[in-house]
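Inspection log for the structure reproduced underneath, given as structure tokens.
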Amino acid sequence: MTRLSRIHLQMMEQAIFFPMVISILNRDLAQLKEHQPFKLNEPYIQLVTSALKETQKELYQLKQDLHKKKMKVQQIEHDEAFTTYLFVMNGYEEKHKYFNPRIRHRVEELLTRYFLHQAK
């Protein structure tokens, strides 16, 4: 049983997923600039750059909120199938184990959300 509320758990999970989204966007942006895979590259670069800025802004705000609430997330274990994180809030510690394909799926959902939001 977790001591974290649903909102706090969502915040902790975002602290896991947002850095992954940023890492992927940075890698994709570098690929776009280096290899120029499209005939008209600039719209794709703008799309990825805009999504990257939005994600960085959300991560910055999230980190401020976590700090105010004395919450921390730390990866403590990783193998082929699972990654375990330590969630700390007000001195209480909880370990949460995530199935790696679930993490990947959630990161894909976030990327899709950012791209669709930027395309409007």
Side-chain angles (χ1 to χ4, degrees):
M1 184 71 184
T2 182
R3 291 180 183 252
L4 298 171
S5 70
R6 199 175 93 217
I7 292 171
H8 290 135
L9 184 60
Q10 284 177 332
M11 290 173 69
M12 296 288 209
E13 288 179 345
Q14 286 176 333
I16 295 168
F17 302 137
F18 284 174
M20 291 178 186
V21 170
I22 289 169
S23 174
I24 290 167
L25 290 170
N26 277 323
R27 191 171 352 138
D28 290 352
L29 187 59
Q31 288 282 51
L32 281 169
K33 288 180 178 179
E34 185 177 322
H35 297 293
Q36 299 188 358
F38 302 106
K39 190 164 191 133
L40 298 172
N41 234 25
E42 193 56 35
Y44 298 100
I45 290 173
Q46 288 177 7
L47 179 68
V48 172
T49 301
S50 182
L52 179 60
K53 287 179 183 177
E54 183 67 26
T55 309
Q56 288 170 330
K57 207 180 331 176
E58 286 189 36
L59 179 60
Y60 176 78
Q61 185 61 49
L62 176 66
K63 283 184 176 183
Q64 287 183 327
D65 293 343
L66 290 174
H67 183 73
K68 286 178 190 173
K69 297 179 189 297
K70 298 179 182 162
M71 298 167 63
K72 292 182 183 179
V73 178
Q74 180 180 356
Q75 180 180 324
I76 56 174
E77 205 174 309
H78 178 78
D79 62 30
E80 295 284 323
F82 293 95
T83 303
T84 305
Y85 293 91
L86 180 66
F87 293 175
V88 180
M89 182 174 172
N90 294 326
Y92 293 103
E93 296 182 355
E94 293 181 7
K95 290 181 181 179
H96 290 257
K97 195 172 197 173
Y98 291 89
F99 189 47
N100 290 338
R102 179 185 177 270
I103 294 172
R104 181 182 180 94
H105 179 71
R106 182 64 182 127
V107 170
E108 286 177 358
E109 286 176 345
L110 287 169
L111 280 168
T112 301
R113 186 188 93 192
Y114 285 117
F115 285 144
L116 292 177
H117 180 262
Q118 300 309 316
K120 290 182 182 179

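- When all heavy atoms are compared, the tightest approach of Val88 to Met12 is O-CE, 3.4 Å.
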Stepwise side chain to side chain contact (heavy atoms under 4.5 Å, CB included) test for Tyr114 and Leu25 = CA-CA 10 Å; Tyr114 285 117; Leu25 290 170; 5.5 Å; no
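- Of all non-hydrogen atoms in Phe87 and His96, the two that sit nearest each other are CD1-CD2, 3.2 Å.
- In this structure, the separation between OG1 on Thr83 and CD1 on Ile103 is 4.0 Å, given to the nearest 0.5 Å.
- Here the CD atom belonging to Glu42 is positioned 7.5 Å from the OG1 atom belonging to Thr49, to the nearest 0.5 angstrom.
- The cluster map of Ile, Leu, Val, Met, Phe, Trp and Tyr, joined by side-chain heavy atoms under 4.5 Å apart, puts Met11 and Tyr92 in different clusters.
- The distance from atom CD of Gln14 to atom CG of Leu66, rounded to the nearest 0.5 Å, is 9.0 Å.
- Rounded to the nearest 0.5 angstrom, His105 NE2 and Phe17 CZ are separated by 10.5 Å.
- Ala81 approaches Pro101 most closely through the heavy-atom pair O-CD, 4.2 Å.
- Leu86 and Phe82 end up in different hydrophobic clusters when Ile, Leu, Val, Met, Phe, Trp and Tyr side chains are linked at under 4.5 Å.
- Checked by atom type and distance alone, the side chain of Asn26 never pairs as donor or acceptor with a backbone atom of Leu52 at under 3.5 Å.
- Remark: side-chain polar atoms of Asn41 are paired, donor with acceptor, to backbone N or O of Leu32 under 3.5 angstrom.
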task = Could you walk me through whether Ile16 and Gln75 pass side chain to side chain contact (heavy atoms under 4.5 Å, CB included), step by step?
result = CA-CA 9 Å; Ile16 295 168; Gln75 180 180 324; over 6 Å; no
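- Here Arg104 pairs with Glu108 in a salt bridge; the nearest charged N to carboxylate O distance falls below 4.0 Å.
- Rounding to the nearest 0.5 Å gives a distance of 13.0 Å between CZ of Arg27 and CD1 of Ile22.
- Counting non-hydrogen atoms of neighbouring residues, nucleotides and ligands closer than 6.0 angstrom, the OH atom of Tyr44 reaches no more than 12 such neighbours.
- The shortest side-chain heavy-atom distance between Phe38 and Ile45 does not fall under the 4.5 Å cut-off.
- Contact detail for Ala15 and Val73: the closest heavy-atom pair is CB-CG2, 3.9 Å.
- Atom CD of Glu77 has 12 or fewer neighbouring heavy atoms from other residues, nucleotides or ligands inside a 6.0 Å radius.
- Side-chain atoms of Thr55 come within 3.5 Å of backbone N or O of Ala51 as a donor-acceptor pair.
- Annotation: His67, atom NE2; neighbour count of heavy atoms from other residues, nucleotides and ligands within 6.0 Å does not exceed 12.
- Between the side chains of Tyr60 and Gln56, no donor N or O sits under 3.5 Å from an acceptor N or O.
- Asn90 approaches Lys69 most closely through the heavy-atom pair OD1-O, 3.7 Å.
- Under the 4.5 Å side-chain contact rule for hydrophobic residues, Phe18 and Ile7 share a cluster.
- Of all heavy-atom pairs between Lys95 and Thr84, the closest is CB-CG2, 4.2 Å.
- Here the CZ atom belonging to Arg102 is positioned 5.0 Å from the CD atom belonging to Glu13, to the nearest 0.5 angstrom.
- Side-chain N or O atoms of Glu94 include one that pairs as donor or acceptor with a backbone N or O of Arg3 at under 3.5 Å.
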